[in-house]
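Each chain gets a letter, A, B and so on, in the order its sequence line appears, and its residues count up from 1.
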Amino acid sequence: MLQRIYGTAWYSDKDLDAYLTRIEEAEKRDHRKIGRELDLFSFHEEAGAGLPLYHPKGARVLRLLQQWLRGVLYERGYVEVITPHIYKADVWKISGHYENYRENMYFFEVDEGDGKTSEYGIKPMNCPGHLMIYGDSMKSYRDLPIRMSEFGTVYRHEMSGVVHGLMRARSFTQDDAHIFCMPEQVHSEVMGMLDLVAYVNGVFGFEYSAEVSTRPEKSIGDQAFWDTATQALIKALEEKGVPFEINEGDGAFYGPKIDIKLKDAIGRTWQTSTIQVDYNLPQRFGLTYRTSDNTEEQPYMLHRTILGSMERFFGILIEHYAGAFPTWLAPVQVIIVPIADRHMDYATEVRAKLEKAGVRVEVFSDNEPMRIKIAKAQQQKVPYMLVVGDKEAESGEVGVRERTGGDIGSRSIDELIAMVKDGDPLA
RNA sequence: GCCGGCGUAGCUCAGUUGGCAGAGCAAUCGCCUUGUAAGCGAUAGGUCAUCGGUUCGAAUCCGAUCGCCGGCUCCA
């Protein structure tokens, strides 16, 4: 009989208290709890573990994030592609996933109707599609770098013990991109990615650090590739002034990588971005480009995500903000609270004006006393509550209550719209 | 996947030694016509996760499966 005892040890009472406070705070911010309270998403036992279903408000936040990031990527020379969710098993044999990753993938047979069946695999990553798109036409060194991005939903049969809300799901969407480039472009491309990491995390106020993972024992490629690639990663981090640690031997079997870990509002760290150098997949898929000497060379491929998984990043944001999203990301930015039934007409009129200005707005139409409407709106963490009664219908204004600041008095509709749009990176 | 725990109404939970399934909140309907964080009344809501076993009798005991939680391992 073996008895396992769990414990935790701290140097001082103060440290222990801080730990306990953090546990308590983490429980209050738990994205699974807030996700239900704010009607963002749900999980269903009958659907399967780790498969989130996004409700209208959750979908809205995710789409806003994507819309924003898409614009940022276009400005930085990315092109967007869309690739299938399934491929014939042959593709996964070429990529090596069939051999090395099989137990984590979903495969199925399909009846082709002529007495034969085909085996298909659901994608656990987006790389093959991007490789095939690259390989579809002859490339010149002048075409490089090609920055190919996709919000690609992938499926991985994660082990049952690790599935955890949105943080570790079996279906998730990566803000994925693959950069095809020449060896001498790796450094500047990595610099560009670190710049993007800094910009994106800055928007949410996240601090972060990095880890560089070097060549593992079981790996492929010649040492010159590993040295060049690893040095390019380290040099970029140094030049950007990103603090980093070296994780000896923790790289992917095909190349070294940078992992970014960010720190949330209560000091927890999360891995989000990853930047990987790859020489293997371009080879497997036979990718080439024509050099200035008109010889044929194989391009490098950089894999990178910035948010990582939209699911995980969404979960991190929910916990970081404790559900009180910044106004630009809030699923509902404004809720109109009519004082009595007779104010519904004016409330509807205000809503129409706000909708026309692109504000996400709802009217609280339940027949409840004021304080209850306010309490419920507060609980939904809506940034602005507009109280409309006789006074407001008369003046054409709205009584504004802020989520954090309370009642701030009357404002005109235009003033209110300006407040909502202030600081909106999508505006 | 492994170790440990858990699964009762939409949510949070009670349910005594195995003996009629409960509360609050949410929902629905009615009342109130409301001025900034929780009014009043009523109604409805359940194969006690699922399947099997023990028993005169199972939410309660046993087994399996599914799901969830904490940890390990893994990862975006």
Side-chain angles (χ1 to χ4, degrees), chain A residues 2-8 23 26-27 30 32-39 42-51 101 103-104 124-127 152-176 213 250 252 257 259-262 270-276 303-316 335 337-344 364 366-382 384-393 398-410:
Chain A
L2 195 60
Q3 175 75 45
R4 186 180 302 216
I5 296 172
Y6 295 93
T8 175
I23 298 275
E27 218 166 288
D30 192 316
R32 294 162 298 187
K33 176 170 168 276
I34 291 176
R36 194 167 47 233
E37 288 168 357
L38 302 191
D39 198 17
S42 57
F43 288 93
H44 298 266
E45 191 171 333
E46 63 270 35
L51 302 172
Y101 203 71
E103 65 283 4
N104 283 311
M125 49 242 305
N126 302 299
C127 325
T153 303
V154 297
Y155 297 83
R156 298 181 185 177
H157 193 260
E158 301 290 358
M159 288 188 296
S160 59
V162 304
V163 172
H164 177 91
L166 296 181
M167 300 305 192
R168 190 74 175 273
R170 284 180 172 163
S171 75
F172 62 98
T173 301
Q174 296 177 306
D175 63 321
D176 208 356
S213 297
D250 211 31
K257 61 173 183 171
D259 288 321
I260 299 289
K261 290 178 188 295
L262 56 81
W270 302 95
Q271 196 200 309
T272 53
S273 323
T274 183
I275 298 173
Q276 305 177 359
H303 305 244
R304 117 276 177 282
T305 61
I306 302 299
L307 304 183
S309 138
M310 302 298 298
E311 277 67 15
R312 178 179 292 178
F313 200 81
F314 189 19
I316 294 169
I335 185 154
V337 179
I339 289 178
D341 293 348
R342 65 177 179 280
H343 307 121
M344 275 304 287
F364 201 129
D366 285 7
N367 197 3
E368 302 272 15
M370 263 296 286
R371 63 181 179 288
I372 289 178
K373 294 179 196 174
I374 294 290
K376 287 182 176 171
Q378 281 286 157
Q379 228 169 26
Q380 288 296 303
K381 322 259 187 191
V382 180
Y384 294 99
M385 286 150 268
L386 307 186
V387 175
V388 298
D390 293 333
K391 219 165 55 183
E392 289 76 16
V398 288
V400 180
R401 179 190 166 94
E402 287 180 333
R403 177 172 61 189
T404 47
D407 186 358
I408 61 163
S410 264

So what does the secondary structure string of RNA chain B come out as, 5' to 3', with Watson-Crick or wobble pairs under 3.5 angstrom, [ ] for crossing and | for pairs with another strand?
(((((((..((((.....[..)))).(((((.......))))).....(((((..]....))))))))))))....
Suppose you measure atom P in B/U60 against the same atom in B/G15; what distance do you get, rounded to whole Å?
15 Å
Using OP1 and OP2 only, check whether a side-chain N or O of A/R371 sits under 4.0 Å from B/G39.
yes
Report the residues that fulfil side-chain hydrogen bond (donor to acceptor under 3.5 Å, both in side chains) with A/E158, sequence neighbours left out, ordered by chain and then residue number.
A/R168
Base, sugar-phosphate alone, or nothing: which one does A/Q379 contact when heavy atoms must sit under 4.0 Å apart?
base
Contacts under 3.5 angstrom, residues 160-167 of chain A side chains, donor-acceptor by atom type, not counting sequence neighbours:
unit_1: A/H164; atom_1: ND1; unit_2: A/R32; atom_2: NH1; d: 3.4

Inter-nucleotide P distance (B/C6, B/G45), Å rounded:
32 Å
For B/G1, does either OP1 or OP2 sit under 4.0 Å from a side-chain N or O belonging to A/S160?
yes
If you measure from the C1' atom in B/U43 to the same atom in B/A9, how many Å do you get, rounded?
15 Å
Among B/A38, B/A76, B/G70, the nucleotide that comes nearest once only the side chain of A/R32 is considered
B/G70
Separation of B/C32 atom P from A/D366 atom CG, nearest Å, is 17 Å
For a quick check of understanding: with a heavy-atom distance under 4.0 Å over all strands, which category does A/A169 fall into, base, sugar-phosphate or nothing?
base
B/U50 to B/A58 separation - P atoms, rounded to the nearest Å
15 Å
Please determine whether a side-chain nitrogen of the Lys or Arg among A/D259 and A/K261 lies less than 4.0 Å from a carboxylate oxygen of the Asp or Glu.
no
Under 4.0 Å, counting only non-hydrogen atoms across every strand here, what does A/E311 touch: a base, just sugar-phosphate, or nothing?
nothing
Under 4.5 Å between any side-chain heavy atoms of A/R304 and A/T274, yes or no?
no
Please state the C1' separation for the pair B/C61 and B/U55 - nearest whole angstrom.
10 Å
Ring pair (Phe, Tyr, Trp, His ring centres under 6.0 Å) partners for A/H157, two or more places apart
A/Y106
With RNA chain B as reference, determine whether A/V400 or A/Q271 sits nearer its 5' end, using the nearest nucleotide of each.
A/V400
Between the protein and nucleotides 12-14 of chain B, list every N/O to N/O distance that falls short of 3.5 Å.
unit_1: B/U12; atom_1: OP1; unit_2: A/R36; atom_2: NH2; d: 3.2

B/G53 to B/G46 separation - P atoms, rounded to the nearest Å
26 Å
Quick test of your reading of the model: are A/D250 and A/K257 salt-bridged, counting only N-O distances below 4.0 Å?
no
Given A/V337, which of A/K373, A/R401, A/H343 fulfils the side chain to side chain contact (heavy atoms under 4.5 Å, CB included) condition?
A/K373
OP1 or OP2 of B/A37 less than 4.0 angstrom from a side-chain nitrogen or oxygen of A/R401, does that happen here?
yes
Considering only the C1' atoms, how many Å lie between B/A59 and B/U17, rounded to the nearest integer?
16 Å
With the threshold set at 4.0 Å, does a side-chain nitrogen-carboxylate oxygen contact exist between A/E368 and A/K376?
yes
Under the side-chain hydrogen bond (donor to acceptor under 3.5 Å, both in side chains) rule, collect the residues that match up with A/Q379, sequence neighbours excluded.
none
Euclidean distance, atom CD of residue A/E37 to atom P of B/G10 [Å, nearest integer]
17 Å
What nucleic acid atoms does A/K373 come within less than 4.0 Å of, heavy atoms only: base, sugar-phosphate, or nothing?
nothing
Hey, could you give me the CZ/CE distance between A/R156 and A/M125, rounded to the nearest 0.5 Å?
5.0 Å
Rounded C1' spacing from B/G18 to B/A23 in Å:
23 Å
